[in-house]
Every structure is written in C-alpha cells, then in structure tokens.
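Heads up, the thing below is written out as structure tokens.
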Amino acid sequence: MNEPRRLFVKSFGCQMNVYDSQRMADTLAPHGYVETSAADDADLVILNTCHIREKAAEKVYSELGRVRRLKQAAAADGRRLTIAVAGCVAQAEGEEILRRAPAVDLVFGPQSYHRLPELLARAARDGKAIDTEFPLDDKFDHLAPPSAQAVRGRGVSAFVTVQEGCDKFCTFCVVPYTRGAEVSRPVVKILAEIERLGDAGVREVTLIGQNVNAYHGVGPNGRTNSLAQLLERAAAIAGIERLRYTTSHPRDMGDDLIAAHRELPKLMPQLHLPVQSGSDRMLAAMNRRHTSADYLDIVDRLRAARPDLALTSDFIVGFPGETEQDFAATLALVEQVGFSGAFSFKYSPRPGTPGAAMTDQVDDAVKSERLHRLQAVIDAGQRAFNRRCLGRTFDVLFEKPGRYDGQLVGRSPYLQPVQVSAPPSLLGDIAAVAITEVASNSLFGTLTQASARQPALAAAGA
Ligand code: SAH
Ligand code: SF4
Ligand code: F3S
C-alpha cells in the first residue's frame, strides 16, 4: 500500500464552497488522500475560490503566492506539491490563472469536481490540466457521498446542496456565469444523503442552493417537489432535529414554503432573505423583479406564519445610479423590517455582468460612507435583537467544547453561539438553556429543566 497523500483544501466564499470542498475530499479519499489542516506538509493543495466581489477574487492570488513558496520548499526536499484552483474564480478566469500564477498545476470549475481524480492524473502526466466545461451529466451522481468517519470529524451540523446554479441574472452578479443554470437534485438522493448524516450523528442540516427556494426536484413519485415538500420529507428523518435552508430569493417565497414555517417545528425560526436595496428604482436596475413593498408583504406573511421568526439579509450599497434618496429608502427598509443581522457590501463591478457596463457608477468614497451608515443601523438592530434574548430559554444544540474547561458552545435557534457550563456528554445534544448574559456576538446561559418552547420572541423592530 502506498503512503497516503496529504490533501489541504481551503474554501473561500459561500457555504456551497464549503460543501463542495468536503465532497472533493470525500471523492479523493478512496484514491489514497487524507485531509490535513496544514498546507506545509500537503502533497495537494486545493484553493476553492469565490468570484462574487473583486476582493474575494483577488484573495486567491495572494494565497497562491504563499502556496508557490511551499511548492518551492517541497521541491527542495525532493517532494512534489500539486496546486489546484477550483471554484468560481477558476470557472470565470480559466487559463488566465495559469498565466498569472504559473505554479498552478490544475484549474477546474464547480461542474467538474467529480472528474477530480482523472484531472489530477492528467496534470501529473501533462504538467497542466484545465477543465471549465459545463457537462451534461449530473456531477452529484459521481461525487462520493460523505463517509461516516468524515461526517463525525465535521461536527453535528452539516450542509447539503439541493439546488445549484441560478437563472435570475441580477445585473450585479456573477453566479449565473460561474455556477451555470439552475439544477435541482432528485429528492431521493438528497434524503439518502441526509439519512447518512443522521446515522453519523448530525443533528442539524442546512439545505443549500444559490436559489434554494427555487428548488424543484423530481420526487419519489416522479412528480416535481417544491422546497416545502422536500423540507417536510427531511423533517421525518430520524436523528435530524433541526432544519434550515439558504439562500432564498424573495420571488420564490411560495405560499407552501411560508406555511412550512408554521407547520414544521424542526424548521428553525431564522431566515436569510436577501433584499439588496430598499429602493424600487435600484431593485429594478438590479433586475431583482420585485419591489420593496413585495418584500415587506412577504415578511408580514412569514411573521404571521411564525411570529418568532428572525430575518437576516444582504445589502449592496452604491449600485450604479444609486442616489442619496435611494440609499435612504434602504435605511428605511432596515428600520421597518428589524433584521436580527445582515451582511452589507459595497457594489463591486464584476467583469461580464450588465452592472459593470452601466455608466453611472458611484464614487468609491460615497460607497464607503453609505456602507458605514448602513452598518451602524444593522449593528444597532442586531444588538437590540440580542438584548431581547436576555432572560429567555432556548433550545441549544451543543457543537463543541467552549472557551474554558467545563464549558460547551452551542447554537441557539437563531444561530447565535451560546456558551454554557455543561458536561461533555451533552455534545451533539439539544438542551434547554436560560440566557443570562448577552455580548455583541454571543450569548451566555445556564442549563435549565424548563421547556424551551416558550411563546414567540417578539419580532425585531416591532
Ligand atoms: N443567491 C443569493 C446571493 C448570492 S451572492 C441571492 O439572490 O440573494 C451573496 C451576496 O453577495 C448577495 O446577496 C449580494 O448582496 C452580494 N453580492 C453579489 N454580487 C455582488 C457585487 N457585484 N458587489 C457587491 N456585492 C455583491
Ligand atoms: Fe446572483 Fe441574483 Fe442569482 Fe442570487 S438570484 S445568485 S444575486 S443572480
Ligand atoms: Fe462565491 Fe461562487 Fe459562492 S462566486 S459566493 S463561491 S457561488
């Protein structure tokens, strides 16, 4: 038997990249690769990249500088270090990466991951390999499922991709180009994967997709299932106690999905529903195809279904043509909805997208200033939300040892980290915790016998 080869994978970008990295590791395991957490002693380094904003895309090149030096050091030791670039930068830039970073051996996009063993062989043979095709076969049929051992090492909360790609073509976004057209995985395959996770000790599953609520996979009876139907089936799987899904688009927030928030107790009361802007003029220019009133209406219906639902969002400031008045509409929407948290970004023109070609680009200084103001409002909302958690009792899923001996860290239903004095035997379990202290990014609490199923937490901002 050959020595195992060491694999180091680093994920940039979204949760789907994290999931993809795990699938790549699982696919390489039968080929003799074991994962290492240090790039220094690796035989293969895979950088799984993100192209969403310029800063994210440029990160890979600084990282490649470091990895190139590791490759030189390995060569001086008589070892070969193979460098692979995967993900959305690989898809968008292809050969350009080999030109800018000649130390790279292999470039391959998100639709080629199942061909990784073959691509590595090709790179070893020919010196370089590149694969950014969008094949017609389903990569999920060929990617290795997670092994029980791998799952245990990854903790009690797991992602499962149910939908990939996007047909929405928001004018700022590269995803439709890097991930390709929207594809949903069949229901039975997703359920089989969740069952494996449950058997290996996973308690919480987050269904992921670029547009997860556009999910329309083939069901067991041959008919199309919606995300709500998929969630209902997933909720029936033994061992799985919590379900989440991300990222959703407001246009695909169907009635049955809203109802699922009322009907499925395992569906956690937290939803990431990006709105991007509060200005209808900007929403139209972004090709979001809904208004701010549509968004507020969806929020109302969600909260009617699940009064303790906490909402988070993404925002872009300084999209071409954004005026102070447009920006004020965004601030107003944030106040009105009362998010429990949100990500906000300066608009970054991406090559090949319609937004980049628009003539009325906003000055960077203006973008920075608006970002600053928006973040202040978002942060205040998050602090207010956390303060309202004080004195409440939450079900906490214990994930790992805490900061100090005798402590564990878990997650509240709202994904907040909670530090609790608790025995290690509670790892992987859900227990009721009374929240006794609230800091900016985490909560502190004590185990309690009380039932966590208390009346709804009042909607933020309401
Ligand atoms: N599918 C998700 C978004 C995925 S990208 C959705 O439709 O909401 C994650 C976030 O990155 C987006 O919500 C947006 O806020 C931000 N983003 C995408 N492209 C961007 C760009 N060119 N500049 C700045 N932020 C961007
Ligand atoms: Fe990008 Fe829009 Fe698709 Fe989201 S819905 S991935 S923002 S194009
Ligand atoms: Fe980035 Fe690609 Fe995800 S661009 S956000 S890694 S889909």
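These numbers come from a predicted model, not from an experiment. For ligands, and for the atoms within them, numbers begin at 1 and follow the listed sequence. Basis for what follows: all heavy atoms, side chains included, without hydrogens, waters or symmetry-related copies.
At least one heavy atom of I316 sits closer than 4.0 Å to an atom of ligand 1. Judged by the shortest distance from any of its heavy atoms, K168 lies outside the 4.0 Å radius around the atoms of ligand 1. Using a non-hydrogen distance threshold of 4.0 Å, I52 registers as a contact of ligand 1. Contact analysis leaves M16 out of contact with ligand 3, as no non-hydrogen atom separation drops below 4.0 angstrom.
In terms of modelled atom types and a separation under 3.5 Å, the side chain of D167 and the main chain of E182 share a donor-acceptor contact.
Contacts between T247 and ligand 2 below 4.0 angstrom, taking non-hydrogen atoms only, are absent altogether. Only side-chain heavy atoms of F172 come within less than 4.0 Å of ligand 2; its backbone N, CA, C and O stay farther off. The residue P274 has no part lying near ligand 2, judged by heavy-atom distances below 4.0 Å. The backbone and the side chain of C170 each have at least one atom closer than 4.0 Å to an atom of ligand 2 (non-hydrogen atoms only).
Residue N17 has at least one heavy-atom neighbour below 4.0 Å for each of these atoms of ligand 3: 6 (S). The H249 neighbourhood of ligand 2 comprises atoms 5 (S), with distances under 4.0 Å to a heavy atom of that residue. Counting the atoms of ligand 3 from 1 in the order shown, those under 4.0 Å from a heavy atom of R179 are 7 (S). Atoms of ligand 1 lying under 4.0 Å from any heavy atom of Q210, numbered from 1 in the order shown and given with element: 1 (N), 2 (C). Shown in contact with K346 at under 4.0 Å from a heavy atom are these atoms of ligand 1, numbered in order with element: 23 (N), 24 (C). Under a 4.0 Å criterion applied to the non-hydrogen atoms of D314, ligand 1 contributes the atoms 9 (C), 10 (C), 12 (C), 13 (O), 15 (O). Atoms of ligand 3 lying under 4.0 Å from any heavy atom of H51, numbered from 1 in the order shown and given with element: 1 (Fe), 4 (S).
With respect to S344, the side chain to side chain donor-acceptor pair (under 3.5 Å) criterion is satisfied by exactly one of R373, Q276, Q375: Q375.
Summary of contacts: the protein heavy atom closest to atom 1 (Fe) of ligand 3 is C50 SG, 2.3 Å. For atom 14 (C) of ligand 1, the nearest protein heavy atom (residue, atom name, distance) is Q276 OE1, 3.4 Å. The nearest heavy-atom contact from the protein to atom 3 (Fe) of ligand 2 is C166 SG, 2.2 Å. Protein heavy atom nearest atom 3 (Fe) of ligand 3, with residue, atom name and distance: C14 SG, 2.3 Å. Nearest to atom 2 (Fe) of ligand 3 among the protein's heavy atoms is C88 SG, 2.2 Å.
E54 and S348 are not linked by any side-chain donor-acceptor pair at a separation below 3.5 angstrom, with hydrogens and angles left out of the test. One side chain, Q111 or E164, offers a donor N or O that lies under 3.5 Å from an acceptor on the other.
Not one N or O of S248 is nearer than 3.5 Å to an N or O of ligand 1, by distance alone. Between R53 and ligand 1, at least one N/O pair is under 3.5 Å apart.
In summary, the aromatic rings of Y414 and F385 are positioned with their centroids under 6.0 Å apart.
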